[in-house]
Each structure stands twice: as C-alpha cells, then as structure tokens.
Amino acid sequence: MITIEEAKRLVKRALLSNIVSEKRNLAITPLISGKHGIGKSAMMKSIAEELGGVCITVEGGTLKEGEITGLPYQYRDENGSTKFRFLPYYAVERVQNEEKRIFEAAGGTADGSSALEGGENRWARNFLTPQERLDALKSGAVRPVIIFIDEINRTENTVYKELMNILLTRSVNGYQFPWWVLFVGAMNPSTQNSIYATNEMDPAQLDRFLKIKVGENASQWLKYGRAAGISPDILRFIKENPKCLSSSSRDLEDEEKPTPSPRGWDMVDTLLKSEPMLRCFFTEKENTPKIVEKDMKALVSAKLGSSASTMFFASLVSQARALAPEELFADDAGLTKSMPLLERMSAAKKVQTCDLLLAYLKENLEFMMLNREQFAVAKEQLALLVRALDSSTRLLFAQNIAAVSTDDGNSMIELLFDVFESDLIGMLDLSDQTRRLIEESK
C-alpha cells in the first residue's frame with residue numbers, strides 16, 4: 001500500500017506530466033482511493049503550495065444537480081435578442097478571473113464578454129509549447145490551480161455524471177479549462193464488500209484515471225502529529241499501539257486491481273517521457289535514481305497492475321529478448337538457433353515467450369495440424385522448449401494451455417498433450433477423459 005507521502009510525489013509527477021505532454025486528447029487524471037480521514041485533502045493543498053498555486057476543493061458529496069456545471073439565466077444582448085448563459089460555479093469563476101489576469105499580463109486585451117460565451121476559450125493560451133509552460137510555472141508568471149473533487153463516488157447520480165464529465169473532458173458547458181488547471185479526483189474504497197455508500201465505476205471509466213491507492217502509516221502520522229501539536233499522550237499511545245491508528249477492517253479497503261489497456265500504456269508513455277523534464281519541481285533527494293525508479297514503478301503498477309509493470313521493467317534491464325513464435329517454428333527440430341537464446345533468458349522473458357506462444361497457438365494450431373509432418377516437427381520444438389523451462393514456468397505454461405481452447409473451440413491440451421511430460425500432466429486439473437487419453441498415448 002502506498003503511504004500518503006509517497007502518494008504526494010506520485011500525484012505531483014502525474015499532474016505535471018500533463019503540462020509537458022503534447023497529447024491533447026489524453027490527460028492523466030489521478031484518482032486517489034483511501035479511507036476517510038487519511039489526509040487526501042491536506043496532501044492536495046500541500047502539492048498546490050509547492051507548485052506556487054492554489055487548490056480548490058469541491059466536496060462532491062454536498063453538490064446538487066446543476067451546481068458544478070452552472071445555473072442558466074436569461075438575458076438580452078445588444079440587439080435585443082433573448083439568449084441564455086450559465087452562471088458559473090464558484091470554482092469555474094475563480095479560474096476565469098485568473099485566466100483573464102494571465103492573458104492581460106501576457107499582453108492580450110480582454111474584452112468585456114465572458115470566457116464562457118461560445119465554444120472557444122479566447123484567453124486560455126493553450127498554444128504555448130511545453131518548455132514555455134514550464135518556464136511560466138517556474139517564474140511564477142502562471143500559478144497553477146488544482147481542482148480537487150473529493151468523494152466523487154459519494155454523490156447523487158446526476159451530479160456524479162457531471163463531475164465525471166468535467167474530470168475527463170476538462171471542460172464545462174463548452175468552456176475548456178486552460179492548461180494550468182489540473183484535476184484530481186478522490187474516492188472512498190468502492191468494492192462489493194465495501195461498507196461505504198458509493199457509486200460504482202465501471203472498468204471503462206476507471207481506465208481513464210490513474211488510480212492511486214493510499215494507506216495509513218503510523219510513523220508518518222506521528223511525524224505529522226508532532227508538527228501539528230497533537231497531545232504527547234496520544235502520540236505515545238499510537239507509537240506503542242500502531243494498530244489503533246485506523247480500523248483494519250477489510251470492509252474499508254479497496255481491493256480492486258488495475259489491469260493493462262492500450263490507453264493505460266499511452267499514459268505510461270507520457271509519465272516516463274515527462275519525468276526528466278520535471279526535475280526542477282522536485283527536491284534533490286526526490287530526483288535520486290533510486291526514488292525516481294521507485295516512483296515510476298509505482299505509477300506504472302497503479303495503471304497497469306503489478307504483473308505487467310514487473311515484466312515491463314524487467315524487459316528494460318534484460319539483455320535477452322522474448323522469443324517470437326514465428327522464430328521458434330522457423331527453426332529446425334532441434335532448435336539449434338533458438339535454444340541458446342532460451343538458455344540466456346531471464347524467468348520473466350521465458351514467461352513472456354510462453355504467453356506469446358499461447359496466443360499464437362490459440363489462433364493457428366488447427367492450421368498447423370493440416371500438415372502432419374510440419375506439425376510433428378512443431379511438437380518436437382515445443383517439447384524442447386518446455387524442457388528448457390524451469391519447473392514453475394513449465395507448470396504455468398501447461399496450466400494456461402489446459403485452460404484455453406483454440407479459436408475453433410477445441411481443447412488445446414488435448415491437441416498437444418504429448419508435448420508435456422507425464423509427471424507435469426499429473427499436476428494439472430484435467431477431465432477424466434483427457435487424462436485417460438493422455439495415459440493411453442504413452
């Protein structure tokens with residue numbers, strides 16, 4: 001579980017990556033998940049202060065429909081025609097006022113019309129290059145605004161939809177927020193076992209966020225307590241009884257696990273590319289290779305899951321690469337070219353090779369069986385590969401094959417049972433019919 005201090009660095013890195021990213025249709029929006037009272041709001045205010053900006057907190061649970069998007073009012077224009085505008089929510093109005101100030105300070109001339117009029121934001125200056133944006137932040141010419149929407153999943157259904165739209169589109173009623181407005185959402189744990197009264201996010205919605213799960217840490221809280229002047233009696237008790245700091249009930253935990261997606265990999269690309277450009281916003285200690293590597297691994301894991309993250313970072317340091325199925329089957333029956341590569345592979349690369357083979361066989365196995373001679377060679381090649389694996393990887397590969405059917409619906413393990421050794425087959429959960437076929441084939 002990520003502590004609040006670690007989460008602060010991760011959220012700050014994620015927010016700043018939007019400043020230098022040129023992917024206009026892909027924003028990285030942190031979504032902080034953690035139990036009530038853990039310090040999410042205080043963390044966001046601290047990040048805003050470090051960046052020389054402000055944090056505007058929107059309490060999602062107290063909003064009513066229409067408040068966040070603004071309320072419509074009727075007026076007559078200079079020609080006497082009846083028109084409608086939206087009275088902006090206070091957070092939007094504050095952003096507009098600051099936006100106008102920055103626009104005029106940069107030499108622009110703002111007329112008296114509202115920035116909300118029409119679908120174009122005439123004051124945003126979103127045309128600035130990444131370096132110009134960084135320079136504006138570092139010099140203080142632009143003070144970033146963090147709009148922190150707390151308890152987003154404890155709102156009325158209509159308000160929930162409005163907030164999600166703002167977080168994901170960075171716009172409201174046709175008004176596009178300027179580049180220096182950064183968005184963060186926070187939610188209480190939301191699972192089937194959770195005791196919080198929450199709205200459920202579907203996988204497509206969650207995929208648009210970078211969800212960071214935060215947990216409490218007794219030593220960090222004690223440090224905070226000493227700085228905040230909390231009673232020494234309380235501090236001493238928590239130090240001696242750290243389990244009493246917060247409830248350990250599983251009903252209060254977020255057990256949802258992140259999974260990879262194409263959008264997720266796109267976000268990871270942004271996070272990794274932006275890190276070197278943003279070091280001026282972090283301390284010398286935070287920029288040490290050890291901390292940076294730790295943070296990048298935590299961010300990638302938060303977006304793609306620990307398995308994909310571990311395999312990805314292992315691939316960066318591995319001297320060997322995964323073996324493509326086409327290479328394996330293009331080799332001779334003794335795998336003369338492939339075997340030296342297999343022997344040099346790390347365990348992660350061997351698992352990756354097996355995963356690639358599984359996907360390839362699922363799609364092509366029946367086609368390969370049309371040529372008996374070539375299929376016999378392919379099975380010899382697979383048998384050699386299996387014997388080159390360590391026992392745990394071999395078992396994992398066999399279990400995966402046993403659980404998968406070909407695209408035509410045939411059991412893959414029944415088509416390839418003679419590839420695996422009998423002792424390995426005995427460890428698999430197979431049907432009696434399949435096991436009998438295997439034994440009869442020996």
Side-chain angles (χ1 to χ4, degrees), residues 257-261 264-265 268 293 297 300-301 303-366 368-369 375-407 410-431 434-435 437-439 441-442:
K257 296 182 179 180
T259 55
S261 72
W265 282 107
V268 165
E293 180 182 3
K297 287 182 177 179
V300 175
S301 181
K303 186 62 213 167
L304 305 176
S306 59
S307 177
S309 175
T310 300
M311 292 175 64
F312 171 67
F313 283 101
S315 73
L316 298 181
V317 298
S318 175
Q319 296 300 312
R321 58 177 177 79
L323 185 67
E326 293 82 359
E327 292 180 88
L328 180 81
F329 294 125
D331 205 348
D332 57 34
L335 295 184
T336 304
K337 296 179 181 178
S338 303
M339 192 56 68
L341 294 175
L342 286 167
E343 292 172 350
R344 292 197 301 268
M345 277 186 194
S346 64
K349 286 298 179 183
K350 289 179 180 178
V351 172
Q352 187 179 352
T353 296
C354 291
D355 288 343
L356 292 173
L357 271 171
L358 185 66
Y360 182 88
L361 291 169
K362 184 177 184 298
E363 183 177 348
N364 295 287
L365 187 56
E366 277 100 349
M368 295 168 65
M369 293 174 64
F375 184 55
V377 172
K379 287 196 290 184
E380 290 181 36
Q381 293 169 322
L382 282 173
L384 285 174
L385 177 137
V386 167
R387 288 197 288 273
L389 301 175
D390 59 271
S391 59
S392 59
T393 305
R394 191 186 313 164
L395 176 60
L396 177 63
F397 186 36
Q399 288 175 327
N400 288 339
I401 284 184
V404 172
S405 298
T406 66
D407 284 352
N410 294 311
S411 170
M412 195 176 294
I413 192 65
E414 292 184 7
L415 299 177
L416 294 173
F417 60 80
D418 51 344
V419 168
F420 298 94
E421 299 175 2
S422 58
D423 60 334
L424 180 61
I425 293 297
M427 300 172 67
L428 299 176
D429 183 18
L430 304 176
S431 67
T434 302
R435 193 177 300 280
L437 287 171
I438 293 172
E439 295 300 330
S441 68
K442 298 299 180 182

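Everything numeric in this text was worked out from a predicted model, so none of it was measured.
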> Could you go step by step and tell me if Phe397 and Val351 meet the side-chain contact (heavy atoms from CB on, under 4.5 Å) rule?
Replying inline: CA-CA 8 Å; Phe397 186 36; Val351 172; over 6 Å; no
What closest approach, in Å, do [X] and [Y] show between heavy atoms, and which atom pair accounts for it?
{"X": "Lys350", "Y": "Ala388", "value": "NZ-O, 3.6 Å"}
{"X": "Leu335", "Y": "Leu385", "value": "CD1-N, 4.1 Å"}
{"X": "Val404", "Y": "Lys362", "value": "CG1-CD, 3.8 Å"}
{"X": "Ala402", "Y": "Ile413", "value": "CA-CB, 3.8 Å"}
{"X": "Leu323", "Y": "Ser338", "value": "CD2-CB, 3.8 Å"}
{"X": "Gln352", "Y": "Ala322", "value": "CD-CB, 3.7 Å"}

Between [atom1] on residue [X] and [atom2] on residue [Y], distance to nearest 0.5 Å:
{"X": "Leu396", "Y": "Asp355", "atom1": "CG", "atom2": "CG", "result": "7.0 Å"}
{"X": "Lys379", "Y": "Met369", "atom1": "NZ", "atom2": "CE", "result": "7.5 Å"}
{"X": "Ser301", "Y": "Lys257", "atom1": "OG", "atom2": "NZ", "result": "11.0 Å"}
{"X": "Met368", "Y": "Thr406", "atom1": "CE", "atom2": "OG1", "result": "12.5 Å"}
{"X": "Thr393", "Y": "Met345", "atom1": "OG1", "atom2": "CE", "result": "11.5 Å"}

Could you tell me whether the side chain of [Y] reaches within less than 4.5 Å of the side chain of [X], counting heavy atoms only?
{"X": "Thr353", "Y": "Leu389", "result": "no"}
{"X": "Asn400", "Y": "Cys354", "result": "no"}
{"X": "Leu416", "Y": "Leu365", "result": "yes"}
{"X": "Leu304", "Y": "Ser309", "result": "no"}
{"X": "Tyr360", "Y": "Glu326", "result": "yes"}
{"X": "Leu361", "Y": "Leu382", "result": "yes"}
{"X": "Met412", "Y": "Leu358", "result": "yes"}

> Which residues pass the salt bridge (Lys or Arg N to Asp or Glu O under 4.0 Å) test with Lys337, sequence neighbours left out?
Replying inline: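 For Lys337, no residue satisfies salt bridge (Lys or Arg N to Asp or Glu O under 4.0 Å) once neighbours in sequence are set aside.
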> So, does Gln381 use its side chain to make a donor-acceptor pair with the main chain of Asp332 at under 3.5 Å?
Replying inline: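 Looks like yes, one N/O pair under 3.5 Å.
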>> Checking Asp407 against Glu366 for the side-chain contact (heavy atoms from CB on, under 4.5 Å) test, could you report, in this order, the C-alpha distance in whole Å, the side-chain angles of both residues, the deciding distance, and whether it holds?
In response: CA-CA 9 Å; Asp407 284 352; Glu366 277 100 349; 5.6 Å; no
